[in-house]
Amino acid sequence: MESIYKPKTEKVVSVWNALSEYQKELYPDGMNRFVDTDLDIMEAMGFDGNTTEFDKLLESVDVAQLSSPKDIPVRSFVPYKLGVKPKIIPIPQKASRFQCIQRVLARKTEQQQRNIDVKLRYNRHKYMKKKQDLESSHDLVPFKEMLLILRFYEPFKYKPGRRLGHPKFNQEFYVLSSQYLTELKDKIYCHCDSGPFYEISENPKQKPSEPSSQSGFFFITDTFYNDLRDASNKDYSSVIQKWAERQGLIGELTSKSMEETRFGDLKFRLGYPQVYQHQGNCEHLFVVSDCRLLAATDILSRARYPWLNCYGFSRDVPCNICGHCQAQFVVHNSNRHIFDPAYVCETCLNTYHYVDGQKIGEFNLYEYSQTLMRTNDEPMAPSCSQTNTS
């Protein structure tokens, strides 16, 4: 595949080989622990308990020897002493009747609102709180594992002859080299996994359909890693491999089992686009942005990996009728709408398309699943039950 899409980096990362090279540097001469204390350094340098020579070595490399009496003294930086905030005097109630005061207050309110709007417009990412859980067991040892950072992007429809913009960021995961690919696949969020979405215009209150098959694959460096844990899962890669054989320019493509492959078994280029496909034709581009040793500042509980570090979210899709509630349905081929498709909330759907539960006009109705990921501390958009549409 690299013969079609030329890579910009030459180095191919082999995770297990990289871990082995790091181990040789961190644990020289067969040491089974990380070189941290002075005793470890003495042992690694072969002083054999001779502290006199080791102390002389420390004195010769002391950082204090770099200083000189001619050095310009550095003033300590104390932010709170740089300036004093002016004391704000509250505006008397009698003065608020003057137009000049009213204009100043209105201008200040508009500026504050503009700052809020700009912040909401560009703050499209949310980072999860990275803190060590005291109740969970710390069963990971720093520098004994490789940590991979994978960034996934939102799926998009490709149209021939149309230039695509930059892919939109969706999720970023931290995974361990000893984990299987299926562990990450089960953590990836996509609204397509909530489907399939059938036509429900005759009965919009019917229960959602059962989730479809969990078939899918990761395509990494000319290899398909298929999820075949369940007997009903399908091998999507077989059709693509047959097509690639007829092309003659793509090269040989192989396939392996996702549930039997660890991240340490992978070989890839940092930043090179890979593919995650599921639910038939839902494709996500993703890249391995970093591959490094697990540090002491990382989460040291294996149960918390794969760790969702960050995710992106777009604005809620408002109802095309009221413009205030969050859309919950998609209306297609309607003879009463100026939009096709039209996104409507539950209240507007019932009042505009139904009378006493009976369908009005001709249209197709589907459930609409937002592509947003929510956390407990994130505010939700107003729902139909929380607003007054009268």
Side-chain angles (χ1 to χ4, degrees), residues 1-5 148 150-160 164 167-168 170-171 173 175 179-200 206-268 272-288 305-306 308 311 330 332 364 366-371 373:
M1 193 64 188
E2 294 180 352
S3 60
I4 305 298
Y5 186 82
L148 289 79
L150 291 87
R151 295 176 61 87
F152 288 81
Y153 297 87
E154 293 183 3
F156 58 88
K157 291 183 179 180
Y158 172 72
K159 296 183 179 180
L164 297 175
K168 295 181 180 180
N170 191 7
Q171 303 164 67
F173 286 95
V175 296
Q179 291 184 308
Y180 291 95
L181 300 184
T182 49
E183 297 182 59
L184 174 62
K185 180 179 180 293
D186 295 339
K187 286 291 187 72
I188 299 174
Y189 173 84
C190 180
H191 71 286
C192 290
D193 291 328
S194 303
F197 303 102
Y198 298 105
E199 206 278 326
I200 57 173
Q206 70 182 40
K207 295 181 179 180
S209 57
E210 293 294 330
S212 57
S213 173
Q214 298 301 314
S215 304
F217 66 78
F218 291 109
F219 179 67
I220 304 174
T221 316
D222 299 339
T223 303
F224 293 95
Y225 298 93
N226 297 285
D227 185 0
L228 302 176
R229 289 174 291 179
D230 193 276
S232 61
N233 288 3
K234 298 181 180 180
D235 183 2
Y236 294 154
S237 65
S238 58
V239 178
I240 303 176
Q241 286 180 285
K242 293 179 181 178
W243 169 83
E245 291 176 357
R246 298 194 300 266
Q247 304 305 312
L249 298 176
I250 297 179
E252 183 181 0
L253 303 179
T254 60
S255 60
K256 295 182 180 180
S257 176
M258 186 186 300
E259 60 271 19
E260 297 178 357
T261 305
R262 301 177 187 268
F263 283 94
D265 301 326
L266 301 179
K267 295 181 180 180
F268 49 83
Y272 190 84
Q274 317 291 349
V275 179
Y276 166 58
Q277 181 171 333
H278 66 126
Q279 298 299 336
N281 61 349
C282 184
E283 297 182 359
H284 299 256
L285 292 179
F286 73 94
V287 299
V288 183
Y305 289 94
L308 177 62
Y311 65 90
V330 182
H332 275 283
N364 298 327
Y366 303 89
E367 291 183 37
Y368 178 67
S369 176
Q370 295 279 11
T371 59
M373 299 181 64

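Note that the structure is a prediction, hence the values are computed from the model and not measured.
Contact between Leu181 and Phe218 at its shortest, heavy atoms only, is O-CE1, 3.7 Å. Closest non-hydrogen pair, Pro167 versus Tyr153, comes out as O-CD2, 3.8 Å. Summarising the geometry of Ser215 relative to Lys234, their closest heavy-atom pair is OG-N, 2.7 Å, with the distance given to 0.1 Å.
No side-chain heavy atom of Leu266 sits less than 4.5 Å from a side-chain heavy atom of Gln274. Contact annotation: the side chain of Phe219 never approaches that of Gln277 to less than 4.5 Å [non-hydrogen atoms, C-beta and beyond]. Annotation: side chain of Pro155 is in contact with side chain of His284 (closest heavy-atom distance under 4.5 Å).
Aromatic pair Phe217/Tyr225: centroids not less than 6.0 angstrom apart. Aromatic pair His332/Tyr366: centroids less than 6.0 angstrom apart. Ring to ring, Phe263 and Tyr180 are not that close: their centroids are 6.0 angstrom or more apart.
Taking Lys256 as the reference, nothing meets the salt bridge (charged side-chain N to carboxylate O under 4.0 Å, His left out) condition, with sequence neighbours excluded.
Salt-bridge annotation for Lys267 and Asp222: absent, with no side-chain N of the basic residue lying under 4.0 Å from a carboxylate O of the acidic one.
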Check against side-chain contact (heavy atoms from CB on, under 4.5 Å), Gln171 and Tyr189 = CA-CA 8 Å; Gln171 303 164 67; Tyr189 173 84; 3.8 Å; yes
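Looking at Asp230, its side chain does come within 3.5 Å of a backbone N or O of Ser232 through a donor-acceptor pair.
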